[in-house]
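Worksheet for the structure shown next.
Just so you know, these numbers come straight off a predicted model, no measurement behind them. Whatever order the structure lists ligands and atoms in, that order sets their numbers, starting from 1.
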Amino acid sequence: MRRGFKTESKRLALEVRAEIGLGAHEPFDPYHLADEYGVQVVQLTDLDATDAVQYFTGIRPTALSGALIPNGSGLLILENDSHTPQRRRSTLSHEMAHVLLEHPFGVTLAHDRKCGLGGDNEKEADLLAGELLIPFEAARRQAWKDATNEQVAALFEVSIQHAAWRMNASGARKIVQRTRAARGWN
Ligand SMILES: [Zn+2]
């Protein structure tokens, strides 16, 4: 990941949220963002391709989460709508992060939040998607409130795993613990 990206992603996520009228402390709406950027979102089950739809929704539902596909002069995101709404929001946020970061791509397939892009582009998209779904300052506020992963997940409409990742990997809980220890509040 390039130097300074973590800081940049925090700022960018708040800017992008503001673009669609959202503050830091409310659920993110990746569908609204896609619409704002003229990116069409197509549901897998709407495709007129019975075998492919059955394969990705029934036989191997984890093989495809989403795909970012060039479409004429624009872009299209195909989403696997057999997944939970929380997972779909995460997939779509990841794909939109690639769009926001202007990552070069051919066709990318998200598989467990990994597309075909690989390397730094994937890490950057994951980090930015994380900031979009739960901004750092929102994670910090929830850490001060001693919110559980379940509470954070419900508040931001993400999976419990995603909430746990953001609360821990963002450093939010650690910062609060350290501050409390330093002030003798523990
Ligand atoms: Zn990706």
Within His103, is some N, O or S atom less than 2.8 Å away from the Zn ion (ligand 1)? no
Tell me whether Leu14 shares a hydrophobic cluster with Leu33, the cluster being built from Ile, Leu, Val, Met, Phe, Trp, Tyr side chains joined at under 4.5 Å. no
Quick test of your reading of the model: are Glu124 and Arg2 salt-bridged, counting only N-O distances below 4.0 Å? yes
For the Zn ion (ligand 1), does an N/O/S atom of Asp126 lie at less than 2.8 Å? no
Keeping the roles fixed (side chain from His83, backbone from Pro61), state whether a donor-acceptor pair exists under 3.5 Å. yes
In this structure, which one of Ile77, Val39, Val41 forms a side-chain contact (heavy atoms from CB on, under 4.5 Å) with Tyr31? Val41
Nearest 10° is fine: what angle sits at the Zn ion (ligand 1) between NE2 from His94 and OE2 from Glu122? 130°
